[in-house]
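First comes the structure, then the notes that go with it.
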Amino acid sequence: QVQLVESGGGLVQAGGSLRLSCAASRRAFGFYTMGWFRQAPGKEREFVAAISWIGGSTYYADSMKGRFTISRDNAKNTLYLQMNSLKPEDTAVYYCAESRALTSSASEYDYWGQGTQVTVSS
């Protein structure tokens, strides 16, 4: 069983920044694609970004490009999401997840963290 634990969420003003982290318990963390998703109240889970197993390829939702940066440190078994220029509409619970493919489809992610709340005030 793989455990993913997110941290770094919180309350921030519009225009501010946050960096989310996701610690993975898996061995060979570096061999799996990792992704970030988010879910706002009353809305479906939404793809944010993904990064390939060696970190050479990244994939972003169009609305996140230029503001969010996904990265990973395989030596630390940790995934990151740097979020800049935050907007109130970025308010959501953010989840990290593991997949065998670089994909935006939530159904192709096998393991999920419990989520961390990000709230952006106007």
Same cluster or not: are L79 and F68 linked, directly or through other Ile, Leu, Val, Met, Phe, Trp or Tyr residues, by side-chain heavy atoms under 4.5 angstrom apart? yes
Are W36 and Y80 connected in the hydrophobic side-chain network, where two residues link if heavy atoms are under 4.5 Å apart? no
Report yes or no: does [X] contribute a side-chain atom to a donor-acceptor pair with the main-chain N or O of [Y] at less than 3.5 Å?
X   : Y    : value
T91 : V120 : yes
E98 : W112 : no
R67 : S85  : yes

Could you pull out all donor-acceptor pairs under 3.5 Å where a side-chain atom in residues 17-25 meets a protein atom, sequence neighbours excluded?
unit_1	atom_1	unit_2	atom_2	d
S17	OG	N84	OD1	2.9
S25	OG	Q3	N	2.8
S25	OG	Q3	O	3.4

Trace of the side chain to side chain contact (heavy atoms under 4.5 Å, CB included) decision for L4 with M34: CA-CA 10 Å; L4 303 173; M34 299 297 297; 4.0 Å; yes
For the pair T78 and R72, evaluate side chain to side chain contact (heavy atoms under 4.5 Å, CB included) and give the outcome as yes or no after the intermediate values. CA-CA 6 Å; T78 303; R72 66 192 298 165; over 6 Å; no
Can you tell me how far the OH atom of Y109 sits from the OG1 atom of T33, to the nearest 0.5 Å? 6.5 Å
Identify whether NZ of Lys or CZ of Arg in R45 sits under 6.0 Å from the centre of the six-membered ring of Y95 and within 45° of that ring's axis. yes
For the pair V48 and E46, evaluate side chain to side chain contact (heavy atoms under 4.5 Å, CB included) and give the outcome as yes or no after the intermediate values. CA-CA 6 Å; V48 174; E46 175 185 26; 5.6 Å; no
Answer yes when K65 and D62 have at least one side-chain N-carboxylate O distance shorter than 4.0 Å, and no when they do not. yes
Partner set under ring-ring contact (aromatic ring centres under 6.0 Å, His included) for F47, not counting sequence neighbours: F37, Y59
S105: partners by side chain to side chain contact (heavy atoms under 4.5 Å, CB included), with sequence neighbours left out: T103, S107, E108
Going through the checks in order, is the side chain to side chain contact (heavy atoms under 4.5 Å, CB included) test met by I70 and Q82? CA-CA 6 Å; I70 189 171; Q82 178 67 42; over 6 Å; no
